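These numbers were taken from a predicted model, which means no experiment stands behind them. Letters A, B, ... are given to chains in the order of the sequence lines, protein chains preceding strands, and every chain is numbered from 1.
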Amino acid sequence: MPELPEVETVVRGLRASLPGRIILDVRLGKTDFIDDPVALAEQLPGARIADISRLGKFVCMELVPGGPAASSEARLHLIVHLGMTGQLTTRHPADPVAPHTHVFFALDDGRELRYTDIRRFGRILLIPESRIAVFRGRLGSEPLETTLEEFRARFGLRRARIKALLLDQGLLRGVGNIYADESLFRARIHPARIAARLTQTQLATLHRAVREVLTAAIRLRGSSISDYVDSDGNRGEFQRRHRVYRREGKPCVRCGEKIRRVIVAGRSSYFCPRCQPPPRAQKSRHPVKRT
DNA sequence: AGCTCTTCCTGAAAGC
DNA sequence: TGCTTTCAGGAAGAGC
């Protein structure tokens, strides 16, 4: 599932060949995951792709409108979220079309940019320049650019479980279930720990672990569990380095204890019960009788 | 207010 | 063996 490292890999691939290209035509299949499919079909043909960047888990394509009256039009931002199973690939029109491919952008160099998404948990939005600041403002800080002080300020006072907070895109943008679990394992912090009860040292260790895990995953071009591929259709390699994610019952690489799975914040959470001790039982008005 | 749970979707895998 | 159920999960929205 595409999280920050996977989206970064896709963006790097697209950035290598798409800037400068002009979108000639848009063809749509199912559109229930597109905010305004009519706007896509009407406004994109003739537009030039100026730049491609990543914002958390979003792919952001900056477009300069073409066609009549283009000079007076402000830039557009084509925003793509890959959801669970989204794929953004460049192909040739003669290449076989993967099932569940719902968007085709014909380019002026004869290629096609295609969006494929089996479960359609992804999203596509077209945002005018005037509203892009509001969109960005809803997202938290970029994990690889967050200082320790900022990290402590965002997490240290919160009463929620640390796993839920790591997944909150309004706090930190780009971390999903895989990298939350892998980061918590490296920092030796149980996913159900209350953030405000972590020590300053634990917050510092977690801050470093998040950055190390994401950097290592980018280097290996992301994790391919089921559907993820980059813009050329190639799988990533980081799934081989997962130490806890989807390793329930297998031995911990550090201590040999069996990895366990619990649900935290509605998500499967994998951890080592010895390396990541659970939160202390809360003080209760009905204490358990000891024998 | 701030959190947790449910919902959307499809296909793979587990269960009976 | 073959059908049914469960599970995966990002993020919006409901509920507590």
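For the pair A:Gln169 and C:dA11, the criterion of a side-chain N or O lying under 4.0 Å from OP1 or OP2 is met. Checking the phosphate oxygens (OP1, OP2) of B:dG11, a side-chain nitrogen or oxygen of A:His100 falls inside 4.0 Å. Dashed line: the shortest gap from a side-chain N or O of A:Arg120 to OP1 or OP2 of B:dT10 is under 4.0 Å. The side chain of A:His81 places an N or O atom within less than 4.0 Å of a non-bridging phosphate oxygen (OP1 or OP2) of C:dA11. Regarding contacts with the backbone of C:dA11, every side-chain N or O of A:Arg138 stays at 4.0 angstrom or more from both OP1 and OP2.
Rounded to a whole Å, the CG atom of A:Asp168 is 18 Å from the P atom of C:dG9. Rounded to an integer number of Å, the gap from A:Asp35 CG to C:dA11 C1' is 13 Å. Taking atom CZ on A:Arg261 and atom C1' on C:dC7, their separation rounds to 8 Å, with Å as the unit. Rounding to whole angstrom units, CG of residue A:Leu82 and C1' of B:dC9 are separated by 16 Å. Residue A:Arg119 contributes atom CZ, which lies 11 Å from atom P of C:dA8 at whole-angstrom precision. Counting to the nearest Å, the P atom of C:dA11 and the CG atom of A:Leu172 are 12 Å from each other. Here the C1' atom of nucleotide C:dA12 and the CZ atom of A:Phe33 are 17 Å apart, to the nearest Å. One interatomic measurement links the two molecules: CG of A:Asp32 to C1' of C:dG10, which rounds to 15 Å at whole-angstrom precision.
With B:dT4, C:dG9, C:dA11 as the candidates, the nucleotide lying closest to the side chain of A:Arg161 is B:dT4. In the set B:dT10, C:dG10, C:dA12, C:dA12 carries the atom at the smallest distance from any side-chain atom of A:Arg123. Considering only side-chain atoms of A:Glu3, the nucleotide from C:dG10, C:dA12, B:dT10 that sits closest is C:dG10. Among the nucleotides C:dA12, B:dT10, B:dT4, the one closest to any side-chain atom of A:Lys30 is B:dT10. When the nucleotides C:dG10, B:dC3, B:dG11 are ranked by their closest atom to the side chain of A:Ala160, B:dC3 comes out on top. Here the nucleotide nearest the side chain of A:Arg158, chosen from C:dA8, B:dC3, C:dA11, is B:dC3. Considering only side-chain atoms of A:Lys57, the nucleotide from B:dC3, C:dG9, C:dG10 that sits closest is C:dG10.
Among the atoms of the strands shown, only primed sugar atoms or phosphate atoms (P, OP1, OP2) are found under 4.0 Å from some heavy atom of A:Ser268. Among the heavy atoms of the strands, none lies under 4.0 Å from A:Ala265.
Between A:Tyr228 and A:Phe238, the ring centre distance reaches or exceeds 6.0 Å. Taking the six-membered ring where the residue is Trp, the centroids of A:Tyr270 and A:Phe185 are separated by 6.0 Å or more.
Between A:Lys163 and A:Asp181 there is a salt bridge, since at least one side-chain N of the basic residue sits less than 4.0 Å from a carboxylate O of the acidic one. Of the charged side-chain nitrogens involved, at least one lies within less than 4.0 Å of a carboxylate oxygen, so that A:Asp109 and A:Arg111 count as a salt-bridged pair.
Remark: ring of A:Phe121 overlaps the six-membered base ring of C:dG10 in a stacked fashion, centroids less than 5.5 Å apart, planes less than 30° apart.
At a cut-off of 3.5 angstrom, the base of C:dG10 holds at least one donor-acceptor pair with the side chain of A:Arg267.
The closest donor-acceptor contact from the side chain of A:Gln87 to the backbone of A:Asp230 lies at 3.5 Å or more, if one exists at all.
Side-chain N/O atoms of A:Ser141 and A:Thr146 include a donor and acceptor closer than 3.5 Å.
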